[in-house]
Amino acid sequence: MGTSNNSINFALFLLLLIIALISPLFYALEVSHDGRAITIDGERRILLSGSIHYPRSTPEMWPDLIKKAKEGGLDAIETYVFWNAHEPLRRQYDFTGNNDLIRFLKTIQSEGLYAVLRIGPYVCAEWNYGGLPVWLHNIPGIEFRTANNVFMNEMQNFTTLIVDMVKQEKLFASQGGNIILAQIENEYGNVMKSYGAAGKAYIDWCANMAESLDIGVPWIMCQQDDAPQPMINTCNGFYCDSFTPNNPNSPKMWTENWTGWFKNWGAQDPHRTAEDVAYAVARFFQTGGTFQNYYMYHGGTNFGRTAGGPYITTSYDYDAPIDEYGNLNQPKWGHLKELHGALKSMERALTHGNVTNIDEGNGVSVTIYATNETSSCFIGNKNSTGDATVTFQGTEYSVPAWSVSILPDCKNEAYNTAKVNTQTTLMEKKKNQAENEPVALQWTWMPETTSDTVQHGKGHVAASHLVDQKVINDISDYLWYMTSVNIKDDDPLWSDDMSIRVNGTGHMLHAYVNGEHIGSEWATYGIHNYVFEKKVKLNPGKNQITLLSATIGFPNYGPYFDTIESGLPGPVELIGRKGDESVIKDLSSHKWTYEVGLHGFDNKLYSSDSRHASKWEAENLPTNRMMTWYKTTFKAPLGTDPVALDLQGMGKGEAWVNGQSIGRYWPSYLAEEDGCSTEPCDYRGEYGSSKCVSNCGQPTQRWYHVPRSFMTNDVNTLVLFEELGGNPSLVNFQTVAPGTVCGNAYENKNMELSCQGRPISSIRFASFGDPQGTCGSFYKGSCEGGNDALAIVQKACVGKEKCSIQASEDVFGSTNCSSTATRLVVEAVC
Ligand code: GAL
């Protein structure tokens with residue numbers, strides 16, 4: 001008995017072994033393309049994709065984000081690879097935590113989605129230095145992104161490393177994995193001219209180098225209209241309907257559909273409407289598109305010092321379909337989900353059909369995709385003011401201005417990009433319920449011990465010029481520039497009116513003369529250089545000048561962005577004025593000594609296991625004091641809702657929770673006053689990043705995401721390093737969750753409401769007719785159904801996590817509305 005069992009087991013084992021060995025051959029996906037479509041495993045596809053950058057969220061967040069992307073109708077997740085995160089020091093690699101690229105790709109795979117790997121390794125992305133390590137800049141003889149051997153060797157080394165890692169895990173589709181496309185370089189076509197012939201040589205080299213890595217799936221290059229074959233050039237922008245690739249064999253692909261925009265310190269909150277994003281996507285598919293990627297689908301957070309610059313904020317929310325905290329940004333997420341459903345239902349006609357275009361005039365066009373068995377249609381209206389009534393094959397369709405109607409069977413309108421049937425969700429910050437309100441956080445503090453440096457100008461390195469701050473390889477934001485100057489009272493400079501003048505770049509300067517802080521300066525948003533000038537009192541004899549420069553993200557875009565000087569390129573001058581005459585003493589080529597970083601960072605004051613734990617003081621807590629460390633403990637807010645740290649009242653600095661940096665903060669920097677409108681945002685007409693902005697005159701960023709995984713159920717520590725001076729008494733933790741939800745459904749559609757997992761507590765407003773206003777301020781219009789809408793909706797929704805009601809006269813009674821746009825509008829409280 002035993003023997004035969006054993007031999008059966010052995011045979012089974014052998015069988016399994018053979019299956020395991022050959023399974024990659026079975027499951028390998030063939031990815032190919034022609035001018036019309038991408039084919040995966042023999043199926044011609046249209047593909048919907050979304051960008052989620054792994055380091056901008058945490059591994060604990062990834063499954064939920066990817067599930068929401070899948071639920072939103074995406075086929076693929078796109079990410080860049082962030083070289084400087086992985087190789088912070090030359091040949092020292094980090095693939096842990098947020099940087100665990102393989103884990104991210106496998107999470108995408110286990111959720112059943114494809115992946116698009118944009119290796120770059122220059123990525124732009126509002127990421128520090130565009131993703132290139134700053135140490136690269138300091139290799140002798142290097143020139144970035146051009147035919148330069150030093151650069152190309154480093155780029156090839158990193159690209160090969162990534163490809164090898166991915167191959168090892170069998171993640172390329174050709175190996176049975178989920179990566180269907182890879183990208184080399186990024187938008188080089190936008191800057192190539194500046195590099196002359198060497199630029200062309202470089203991009204050809206990029207193509208060859210990529211090809212030689214033999215990944216078995218197509219390579220793409222974005223914004224590269226001379227992309228060497230077989231690279232596919234793709235489009236980035238707010239609209240890509242008029243894009244045509246440079247080769248008839250390349251399908252029409254859109255790698256970056258900007259769903260909103262990024263934010264700078266000093267700038268307002270961007271907003272791109274759901275209607276406009278949907279319009280752009282529908283037009284893209286109307287005009288023959290095959291692959292479309294939302295940049296971003298989830299923007300996330302620039303933790304630590306990863307924000308690009310200068311002046312990119314810590315939040316990278318981007319007004320994306322999933323917000324920074326991982327909540328659905330409604331109606332954008334849902335309106336696009338519906339669009340994806342409509343597009344997918346016509347995949348066959350779109351990828352196989354013959355195309356006929358009918359120009360109806362005045363910006364209106366009908367496109368028919370027809371095969372022998374099926375046909376699908378689009379009616380587009382690109383007129384930004386005029387609504388259109390189009391008669392097509394005997395039926396009349398009303399197509400609002402700047403919208404596209406989708407008719408999967410060429411008869412019934414399944415979707416119109418301007419008619420939003422998805423709820424609007426207004427997010428609310430709620431007080432931390434784990435603390436006993438209103439007890440405030442209890443703070444301790446420590447001064448940053450600058451005095452030695454400031455008083456005596458003690459630096460470890462000397463040079464007879466002002467250095468570019470990149471010399472320190474970005475190991476810290478802070479670099480001290482120190483010099484002393486001897487001035488006798490018979491010096492021609494000497495006068496009653498003396499000042500110091502410093503030319504700075506788009507970072508921050510704190511200036512000290514003879515041990516005293518005389519002022520700080522930073523660039524105004526949009527203008528990256530500044531001149532700091534301040535009166536000084538000098539002593540006859542020796543004077544100590546100490547300038548602290550703090551970087552706020554290195555530039556990430558433009559030709560030669562890598563060589564833009566940072567820190568204090570100078571000149572640094574002393575000026576003596578006598579009447580109309582001034583005497584200038586240029587200190588730029590004096591002997592300067594340099595010191596990197598701040599003591600508090602060296603002593604790891606942000607970390608809970610710092611040796612200096614006992615030195616924190618509870619007495620005489622200072623406010624508005626520069627260069628101050630603050631520390632407190634707190635309990636994590638109850639529940640599972642995402643957590644935001646409210647840094648209202650603070651100046652500028654960096655914050656850590658349990659030793660993990662949640663990013664730079666700067667709430668004292670107010671967003672520009674102008675440009676916000678009280679009028680509702682009009683989705684019609686071309687979007688630009690200054691359209692529909694909000695938050696004018698308010699702190700650019702008041703709330704900072706603290707991922708749940710950074711906190712424990714026990715006691716947590718928050719440390720702030722305050723550079724300018726602030727008051728921590730208002731600092732508090734809050735949770736972020738849907739507050740008010742507003743449902744909207746046109747006649748005969750279903751109105752769905754959801755509080756994302758919590759019960760709907762009450763209904764504030766309900767009307768079936770032509771209600772006016774926007775979510776938060778609805779009012780009844782001129783007509784309404786005869787039944788009590790409020791009571792009907794209350795009955796169907798209150799106490800439930802979600803509810804669905806048909807917007808029809810059957811339910812709400814006849815309306816006598818003359819308008820065609822009869823709809824049900826509901827405002828509910830979560
Ligand atoms: C593109 C770039 C992206 C990102 C985007 C703006 O030009 O490829 O990486 O920077 O602009 O968000």
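Order of listing sets the numbers, starting from 1, for every ligand and every atom in it. Quick note: numbers below take in every heavy atom, side chains included, and nothing from hydrogens, waters or symmetry partners.
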Interatomic distance, CE@Met209 vs OG1@Thr159, rounded to 0.5 Å, equals 4.0 Å
Under 3.5 Å between any N/O of Asn556 and any N/O of ligand 1: does that happen in this structure? no
Basic-acidic side-chain contact under 4.0 Å: Lys382, Asp241: no
Within the 4.0 Å heavy-atom cut-off, what Asn186 brings close to ligand 1 is side chain
Of the options Tyr295, Trp261, Tyr294, which is the one that meets Phe238 in a ring-ring contact (aromatic ring centres under 6.0 Å, His included)? Trp261
One should read off an interatomic distance between Thr290 OG1 and Arg36 CZ, to the nearest 0.5 angstrom, of 9.0 Å
Rounded distance (nearest 0.5 Å) linking atom NE2 of His705 with atom CG of Asp323: 9.0 Å
Determine the sole option in Thr234, Thr287, Thr244 for which the side chain to side chain donor-acceptor pair (under 3.5 Å) test with Lys252 is passed. Thr287
For ligand 1, does Trp258 get within less than 4.0 Å through its side chain, its backbone, both, or neither, judged by non-hydrogen atoms? side chain
Shortest protein heavy-atom distance from atom 1 (C) of ligand 1, along with the residue and atom involved: Glu256 OE1, 3.1 Å
For the 3.5 Å polar cut-off, considering only N or O atoms, please tell me whether Cys124 and ligand 1 meet it. no
Could you tell me the residue and atom name of the protein heavy atom closest to atom 10 (O) of ligand 1, and the distance to it rounded to 0.1 Å? Glu126 OE2, 2.6 Å
Any N or O of Val123 that comes nearer than 3.5 Å to an N or O of ligand 1? yes
The one among Tyr557, Tyr316, Tyr318 that brings a heavy atom closest to atom 6 (C) of ligand 1: Tyr318
So if I count the atoms of ligand 1 from 1 in the order they appear, which ones are less than 4.0 Å from some heavy atom of Ala125? 3 (C), 4 (C), 9 (O), 10 (O)
Is ligand 1 less than 4.0 angstrom away from at least one heavy atom of Tyr295? yes
min-distance protein heavy atom vs atom 7 (O) of ligand 1 -> Glu187 OE1, 2.4 Å
Can you list the ligand 1 atoms lying under 4.0 Å from a non-hydrogen atom of Phe262? 6 (C), 12 (O)
Run the numbers on Lys200 and Asp204 for salt bridge (charged side-chain N to carboxylate O under 4.0 Å, His left out), then give the verdict. CA-CA 6 Å; Lys200 182 64 188 151; Asp204 288 347; 3.3 Å; yes
Do Arg56 and Phe104 form a cation-pi contact, if we require the NZ or CZ to be under 6.0 Å from the six-membered ring centre and within 45 degrees of the ring's axis? no
